[in-house]
Amino acid sequence: MKLVKYLPESALDSFLKDSCLRLTPSKCFEDKAEFGAQCHEFITNPELDNVINMHGVISLTKSETAPLMWTNYANNHKGFSFVLEADSSNIIGSIFYLNPAVDPNLYIAKNIQYCIDLKSFLDFSNPMEIFDYYPFQKHISFLPENEFRLILPYYYVDIIKIHKVLFESDSFFLTIDLDFIYDGCMFYTCDFKRACNKIADIHSFQRKKLWFYSFDKGNQILFLKRIDLNRGSMGISVAIRKLILGNNFDLPNLTSNIKNLQKHDFFNRRFITSTPGIYHRELKNIFKITRGSTGLSFEIVEHKFI
């Protein structure tokens, strides 16, 4: 299955260095209706509120050329997208490393269902369907996004990033017993190194405190899940098939920066030819959006270098 993630240009270096997807707490959605529930339902159904609080969202799409996605999520075509090829029989298990012993009902991957009137909790006879349905309905106005959504519980995060200003100004972080290292730019980062595949481990309480603390902090706290390019949970490797640059992406800057990009092993393996005996090398699997009379399309980026 082909799945696409759109990102601003500022995320390119970190994507090449360590490919991750952001797990956004449902409480961080400004419009609760986007998460499939009306505001009054959170008040009248504590179970709904509790279930949704404990899980996060990874939003992808199936479209490589959606104008709305390029405008809203790739900084008006200045950014990029990458195309994942996942195993349709076990989408989440092929993208991430997840403990096979963990109940698979705790994580779900499904298409968004678009509707004029969002379905309320009262429509269900089985309370467990809260989790299976609510995160996967959105108003019909979001239809052009063609969203495919992954839902995972908070304790699956591999990396937590906290903005420098927040980390250094809030005494709350003095109560967090995790090792954060300043990245020299904007964030303090805690990398668990090994996938967090248990509800309870030595760091579980700390992760939970940060998760709930983040609900009103927007982009100041980021929770990331590392893409497993080696084997995935079921021995199935996900593949990043393409890197697609927006129509306004600074391509000359990228091509002039090849030597620095080659420091990333993933970039060398996936986006540079390595034909034995050939003196010149060239980019591969990199495309750029073009605008035509029939809409958006993309063409391969041709660039040779020594």
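Every heavy atom of this structure was used, including side-chain atoms; hydrogens, water molecules and symmetry mates were not.
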With the side chain counted from C-beta on, respond yes when [X] and [Y] share a heavy-atom pair under 4.5 Å apart, and no when they do not.
| X | Y | answer |
| --- | --- | --- |
| Ile240 | Ser19 | yes |
| Arg149 | Lys110 | no |
| Arg226 | Asp191 | yes |
| Ile95 | Lys225 | no |
| Ile272 | Leu283 | yes |
| Ile151 | Val57 | yes |
| His163 | Phe187 | yes |
| Val4 | Val83 | yes |

* Does a side chain donor of either Ser89 or Asp87 reach within less than 3.5 Å of an acceptor in the other side chain? -> yes
The criterion is ring pair (Phe, Tyr, Trp, His ring centres under 6.0 Å); which residues satisfy it with [X], sequence neighbours excluded?
| X | answer |
| --- | --- |
| Phe82 | Phe15 |
| Tyr213 | Phe172, Phe173 |
| Tyr182 | Tyr188 |
| Phe287 | Phe298 |

For residues [X] and [Y]: do they belong to one hydrophobic cluster (side chain heavy atoms under 4.5 Å, members Ile, Leu, Val, Met, Phe, Trp, Tyr)?
| X | Y | result |
| --- | --- | --- |
| Phe205 | Ile159 | no |
| Leu60 | Leu68 | no |
| Leu222 | Leu21 | no |

To check you understand the geometry: which heavy-atom pair defines the closest contact between [X] and [Y], and what is its length?
| X | Y | answer |
| --- | --- | --- |
| Leu150 | Ala109 | CD2-CB, 3.5 Å |
| Glu282 | Lys304 | CB-CG, 3.9 Å |
| Arg22 | Ile221 | NH2-O, 3.9 Å |
| Leu245 | Trp70 | C-CH2, 3.9 Å |
| Phe249 | Lys78 | CD1-O, 3.2 Å |
| Asn285 | Arg270 | ND2-O, 2.8 Å |

If you count the non-hydrogen atoms of other residues, nucleotides and ligands that lie under 6.0 Å from [atom1] in [X], is the total more than 12?
| X | atom1 | result |
| --- | --- | --- |
| Asp179 | CG | no |
| Lys208 | NZ | no |
| Ile140 | CD1 | yes |

Straight-line distance of [X] [atom1] to [Y] [atom2], nearest 0.5 Å:
| X | Y | atom1 | atom2 | result |
| --- | --- | --- | --- | --- |
| Ile160 | Arg207 | CD1 | CZ | 7.0 Å |
| Lys62 | Lys2 | NZ | NZ | 10.0 Å |
| Thr61 | Asn111 | OG1 | CG | 9.5 Å |
| Leu178 | Gln206 | CG | CD | 5.0 Å |
| Leu152 | Ile92 | CG | CD1 | 4.5 Å |
| Lys138 | Ile112 | NZ | CD1 | 6.0 Å |

* Structure fact -> Between Phe223 and the options Tyr156, Phe212, Trp211, Phe215, the ring-ring contact (aromatic ring centres under 6.0 Å, His included) test singles out Trp211
* To do: Go through the steps to decide whether Val301 and Leu254 satisfy the test side-chain contact (heavy atoms from CB on, under 4.5 Å), and finish with yes or no.
  => CA-CA 11 Å; Val301 171; Leu254 182 142; over 6 Å; no
Residues 6-14, side-chain donor-acceptor partners within the protein, below 3.5 Å, at least two apart:
from, atom 1, to, atom 2, distance (Å)
Tyr6, OH, Ser63, O, 2.7
Tyr6, OH, Glu64, O, 3.2
Glu9, OE1, Asn75, ND2, 3.1
Glu9, OE2, Asn75, ND2, 2.9
Asp13, OD1, His264, NE2, 3.1
Ser14, OG, Ala11, O, 3.0

* Evaluate the side-chain contact (heavy atoms from CB on, under 4.5 Å) criterion for residues Asp18 and Leu224: first the C-alpha distance (whole Å), next the side-chain angles of each, then the deciding distance (0.1 Å), finally the verdict. => CA-CA 10 Å; Asp18 191 3; Leu224 305 176; over 6 Å; no
Under 3.5 Å: donor-acceptor pair, side chain of [X], backbone of [Y]:
| X | Y | answer |
| --- | --- | --- |
| Asn247 | Ile289 | yes |
| Ser88 | Met1 | no |
| Lys5 | Ser59 | yes |
| Ser94 | Ala86 | no |

* Going through the distances and angles, do Phe271 and Leu261 end up as a side-chain contact (heavy atoms from CB on, under 4.5 Å)? -> CA-CA 10 Å; Phe271 301 114; Leu261 294 175; over 6 Å; no
* **Working for side chain to side chain donor-acceptor pair (under 3.5 Å), residues Asn268 and Arg281** => CA-CA 11 Å; Asn268 285 325; Arg281 307 183 76 186; 5.0 Å; no
* **Contacts of Lys164 that satisfy side-chain hydrogen bond (donor to acceptor under 3.5 Å, both in side chains) - sequence neighbours left out** => Glu168
* Thr189 and Ile181: side-chain contact (heavy atoms from CB on, under 4.5 Å), yes or no, with the steps? -> CA-CA 5 Å; Thr189 300; Ile181 299 174; 5.6 Å; no
